[in-house]
Amino acid sequence: MEKREKEYRQVLPVPMYPQDYNIWSVLKNCIGKELSKITMPVVFNEPLSFLQRLTEYMEYAHLLRLASQQPNPISRMQYVIGFAVSALASNWERLGKPFNPLLGETFELEREEFRIICEQVSHHPPISAFHAEHEDDWTFHGSIHPKLKYWGKTVEIQPKGTVTVEFPKLNEAYTWSNVQCCVHNIIVGKLWMEQCGNMEIINHSTGHRAHLTFKTAGSNNKDLHRVEGYICDEDKQKLFFIYGKWTEFIKCTEYVNYEEYCKECSQKSKKEEPRSKSPNDSPCHASKKVLQKLNSLKVSPFKSISVQGSVDDVNLPEASDVPRSDSTYSMDIPNSITIWQVKPRPLHSGDNLRCL
Ligand SMILES: CC(C)CCC[C@@H](C)[C@H]1CC[C@H]2[C@@H]3CC=C4C[C@@H](O)CC[C@]4(C)[C@H]3CC[C@]12C
């Protein structure tokens, strides 16, 4: 078959503009509302529909082809894990609200490694369904119903719904549900997001399971974007340890290697002096003065706050800083293999959202 070499666009056709808006002034009237019922000023939107955003799950679809080519269920599970985590990578630093599709709206995309069709099957509540496949190697289908929850400074979006991967030639099906997405600093500060919660990937034919935990940033941002877990068999015997970051990579190693690594680490840390705790470890609480100021603050959706008047009289604790990932706490266990590694983003793709 002739190979298609196509050039796809690398940048959205129109840049987004810097615009100051008080996101809280919009959201405070929306507490308890569904995502689709929140009318936000259009500057908060990114020029894509939710169906297009879902299609981004497929960025690393080749991992499903690799999975389908593996002779044993554990290597297949490893690639399915890689796919499930990599599907979230494109969300990193994407803080615009996609457009809510109309009922019955569809979006199709065909690339070398997959073809997908998505359809909005319910408008209120918004539910999007999709079916993707590649020749007779695999199918991937499911539906997503994003549910919103407010927790003060944070909005949690739970993508309800189960997704399924099938390998028809092997008569095998895997299912899982996506973890929730937390968008922080909606009242004041710079918006940032993390994916957190547990994900259980089940191979319904063999009984193998993968338990993954998407961690919250934690104190000192030690666990920022970190994902950890294990693969076990139907007798709950832990076979492989999985670790990485949903924004960067996923590696795995035999569980015994991980146990060995932990032993060595605890021996080392006993020798070292215990680390002093920074005062920033305690949860911050905004003072009355700060709260009074909130309604006069203008928050640009994707950039840092700007205050009308002077910033000096509002001493905002941790308000403007987005935690940054560093490698201080990175673990590198000997004899690990990399299942998935993020591709560099196309030039400017972050800029569109960051440098407004
Ligand atoms: C401040 C609040 C109200 C606005 C947040 C807007 C943006 C950042 C939200 C709105 C809907 C969200 C999406 C809802 C569902 C999913 C599916 C999940 O598997 C990956 C994350 C993803 C794709 C979310 C990414 C973040 C998202 C696009």
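Counting starts at 1 for both ligands and their atoms, in listed order.
- When every heavy atom of Leu63 is checked against every heavy atom of Ile339, the shortest pair comes out as CD2-O, 3.6 Å.
- Looking at Glu156 and Gln180, their side chains do bring a donor and an acceptor atom within 3.5 Å of each other.
- Checking side-chain atoms of Thr106 against main-chain N and O of Cys118 turns up no donor-acceptor pair under 3.5 Å.
- Checking side-chain atoms of Glu59 against main-chain N and O of Glu56 turns up no donor-acceptor pair under 3.5 Å.
- Contacts between Leu88 and ligand 1, counted as non-hydrogen atom pairs separated by less than 4.0 Å, involve the side chain only.
- A side-chain donor-acceptor contact under 3.5 Å links Asp233 to the backbone of Asp235.
- Heavy-atom contacts of Phe50 reach the following atoms of ligand 1: 13 (C), 14 (C), 15 (C) (cutoff under 4.0 Å).
- For Thr253 (side chain) and Asn335 (main-chain N/O), a donor-acceptor pair under 3.5 Å exists by modelled atom type.
- Distance from atom 23 (C) of ligand 1 to its nearest protein heavy atom, with residue and atom name: Asn91 OD1, 3.4 Å.
- Remark: minimum distance from atom 3 (C) of ligand 1 to any protein heavy atom is reached at Leu27 CD2, 3.8 Å.
- Counting protein heavy atoms only, atom 2 (C) of ligand 1 is closest to Met40 CE, 4.3 Å.
- With hydrogens left out, the protein atom closest to atom 17 (C) of ligand 1 is Tyr57 OH, 3.5 Å, a heavy atom.
- Not a single donor-acceptor pair under 3.5 Å links the side chain of Thr164 to the backbone N or O of Ala173.
- Distance from atom 11 (C) of ligand 1 to its nearest protein heavy atom, with residue and atom name: Leu35 CD2, 3.5 Å.
- Of all protein heavy atoms, the one closest to atom 27 (C) of ligand 1 is Ile157 CD1, 4.4 Å.
- Only the side chain of Pro98 comes within contact range of ligand 1, with a heavy atom under 4.0 Å; no backbone atom does.
- A donor-acceptor pair is defined here as one N or O able to donate and one able to accept, closer than 3.5 Å; such a pair exists between the side chain of Tyr60 and the backbone of Lys343.
- By the 3.5 Å distance cut-off applied to N or O atoms, Lys97 is not counted among the residues near ligand 1.
- Regarding atom 5 (C) of ligand 1, its nearest protein heavy-atom neighbour is Val183 CG2, 4.3 Å.
- Taking atom 24 (C) of ligand 1 as the reference point, the nearest protein heavy-atom neighbour is Cys181 SG, 4.3 Å.
- Heavy atoms of Gly96 approach ligand 1 to within less than 4.0 angstrom.
- Which parts of ligand 1 touch Ile186 is read off a 4.0 Å heavy-atom cut-off, strictly below it: atoms 1 (C).
- Exactly one of His184, Lys215, His225 qualifies for a side chain to side chain donor-acceptor pair (under 3.5 Å) with Glu194. That residue is His184.
- Atom numbering of ligand 1 starts at 1 in the shown order; those under 4.0 Å from a heavy atom of Asn178 are 19 (O).
- Tested against Arg76, the residues Gln70, Glu172, Gln69, His208 include a single side chain to side chain donor-acceptor pair (under 3.5 Å) partner, Glu172.
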